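Beneath this line is the structure, given in structure tokens, with notes to follow.
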Amino acid sequence: MFTKVLIANRGEIAVRVARACRELGIATVAVHSTADRESSVVRLADEAVQIGPAPPGRSYLNAAAVLQAAEQTGADAIHPGYGFLSESADFAEACESLGITLIGPPASVMDKLGDKSSARALMTDVGIPLLPGSIEPLDHASARKLAARIGFPVIIKASAGGGGRGMTVVEHGEHFDEAFHRTQAVAQALFGDGRVYVERYLPQTRHVEVQVLCDSYGNGVYLGERDCTVQRRHQKLIEESPAPELPTGLAERMGRAAVDGALAAGYVGAGTFEFLLAPDGNYYFMEVNCRIQVEHPVTEMVTGIDLVAAQLDIASGGVLGLSQADVVPTGCAIECRINAEDPARGFAPAPGAITEFVPPGGPFVRVDTHVYPGYVVPASYDSLLAKLIVWAPHRDGAIARMRCALDEFRMSGPQLHTTAAFLAEVLDHERFRSATHTTALVDEILMTSSSVGG
């Protein structure tokens, strides 16, 4: 096992990694920007190194500064969390060249799966179904011809995109040209890669993903599935496991497909295969996330498996101590993301000082957070403040427990708005409770919502 792990991230995931390391007796190094001097992980870690000013490009995305901190402190491994450098093949390669273990898949695998076009080609070879569309990136003329052939609506996606960014839905042909060029420009600005591809868009769909764990010896398992259908702007708000009301056998088929795809790619560590579920019951591959997911706690709650500890063990050379028969998910877990956003203003960021914070409690209630009373939410970073997770033996009980937890949740400040009240409204919606909702649910609720983000 490692002796010292540098945590190349911030917020709740940095705290989560620090706690896992502490339980395993591993020393930790927190890197932080000037805006995060007083962050929880800085207080929790054994050492802390300031790596730059608030803008992410000059701190958490500054690979050279992160690597210098690792060498300076003698860290033998780096945990990148999610976001920032977590899926950068260049950063993974730099770690390898310095003899520092990056806790995640090898650079070659990250490069193969991080590019959506090469990932789609690999999944086609494995036999995993894709939506009608292009495998390779397309120029404007080719993309326009393909869109006309497969029929509108279509979605234009950045080949190097992720996190719900770099995607544009096109409902009608007359809007395609402008949308194509705009998506290219956004992709270039966000990811330094303007390549895009086109596929059929499913407006009424569910988003289901499969958690996999693989070691470096060719062993792999899937740890059940998560339903991430409740989204705004292609970014998740509520996740649950297991996915409710799936057709018989579908969860197992998706799980086996995910493991087949992971092993074919030579995947190592914790990863997630994302699928779209069409109204006719067919499923289609979307992408692979080569990192720990924000929503990993719901899988931990139903399986009893510590995913971050598993990452650390596998990265240090451990053999996966699980067979598929050992994975027996139990009950239902739900996660709500509490963001510093105002749903009444289209989920606009609404950061500010936190003057009151009282997390909920009770049996099978978990709160993953990095905030505390007096904490000032920076405007420079992702708006996630806390993840509220509950477990119950069945879905109705989990929804009831989550509603109680949201009612107990208290977080306020002079300018602060959160998504807590809106999430309660989603949980109360008949379509969510009956598991007949699709990715369009949030937009439907916003049209009639009285929630102001409280």
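Worth knowing before you read on, the calculation uses all heavy atoms, side chains too, and leaves out hydrogens, waters and symmetry mates. The first residue of the sequence shown is numbered 1, and numbering continues consecutively from there. Model, not experiment: these values are computed from the prediction.
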key: Arg206: salt bridge (Lys or Arg N to Asp or Glu O under 4.0 Å) partners, not counting sequence neighbours   =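 With neighbours one apart ignored, the set is Asp227.
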Please report the closest heavy-atom contact between [X] and [Y], naming both atoms and the distance.
X: Val390; Y: Ala405; result: CG1-CB, 4.4 Å
X: Thr355; Y: Pro373; result: O-CB, 4.2 Å
X: Ala158; Y: Val196; result: CA-CG1, 4.1 Å
X: Ala265; Y: Val109; result: O-CG2, 3.3 Å

query = Any cation-pi pair here, Arg43 with Tyr372, using under 6.0 Å and within 45°?
reply =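 Yes, cation above the ring, under 6.0 Å and within 45°.
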request  = Using the six-membered ring of Tyr284, assess whether NZ or CZ of Arg120 lies under 6.0 Å from its centre and within 45 degrees of the ring axis.
outcome  =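 Arg120 over Tyr284 ring: no.
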ask   = Is it true that Arg433 and Asp396 have a side-chain N and a carboxylate O under 4.0 angstrom from each other?
value =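 No, this pair does not count.
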inquiry  = Against Arg226, only a single residue in Glu335, Glu239, Glu209 fulfils salt bridge (charged side-chain N to carboxylate O under 4.0 Å, His left out); can you say which?
reply    =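 The single option meeting the salt bridge (charged side-chain N to carboxylate O under 4.0 Å, His left out) with Arg226 is Glu209.
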key: Phe273-Tyr222 aromatic ring centre distance below 6.0 Å   =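 Judged by ring-centre distance (under 6.0 Å), Phe273 and Tyr222 do not meet the cut-off.
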ask   = With a 6.0 Å cut-off on ring centres, are Phe422 and Phe347 close enough?
value =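 Ring-ring flag for Phe422/Phe347: true, centres closer than 6.0 Å.
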query = Do the non-hydrogen side-chain atoms of Glu252 and Gln324 ever get within less than 4.5 Å of each other?
reply =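 When only atoms from C-beta onward are counted, Gln324 and Glu252 do not touch, as no gap falls below 4.5 Å.
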Between [X] and [Y] (side chain of the first, backbone of the second, donor and acceptor by atom type, cut-off under 3.5 Å), is there such a pair?
X: Asp215; Y: Gly318; value: no
X: Glu96; Y: Ala107; value: yes
X: Thr272; Y: Gln211; value: no

For residues 300-317, which side-chain donor-acceptor pairs fall under 3.5 Å, sequence neighbours excluded?
| unit_1 | atom_1 | unit_2 | atom_2 | d |
| --- | --- | --- | --- | --- |
| Glu300 | OE1 | Arg16 | NH2 | 3.4 |
| Glu300 | OE1 | Arg366 | NH1 | 2.9 |
| Glu300 | OE1 | Arg366 | NH2 | 3.0 |
| Glu300 | OE2 | Arg16 | NH2 | 2.6 |
| Glu300 | OE2 | Leu307 | N | 2.9 |
| Thr303 | OG1 | Thr299 | O | 2.7 |
| Thr303 | OG1 | Ile305 | N | 3.2 |
| Asp306 | OD1 | Arg16 | NH2 | 2.9 |
| Asp306 | OD1 | Val308 | N | 3.1 |
| Asp306 | OD1 | Ala309 | N | 2.9 |
| Gln311 | OE1 | His79 | NE2 | 2.8 |
| Ser316 | OG | Leu312 | O | 3.2 |
| Ser316 | OG | Asp313 | O | 2.8 |

request  = Sequence neighbours left out, what passes side-chain contact (heavy atoms from CB on, under 4.5 Å) with Ser159? Give chain and number order.
outcome  =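 Only Asp115, Ser117, Pro137, Arg195, Tyr197 meet the side-chain contact (heavy atoms from CB on, under 4.5 Å) criterion with Ser159.
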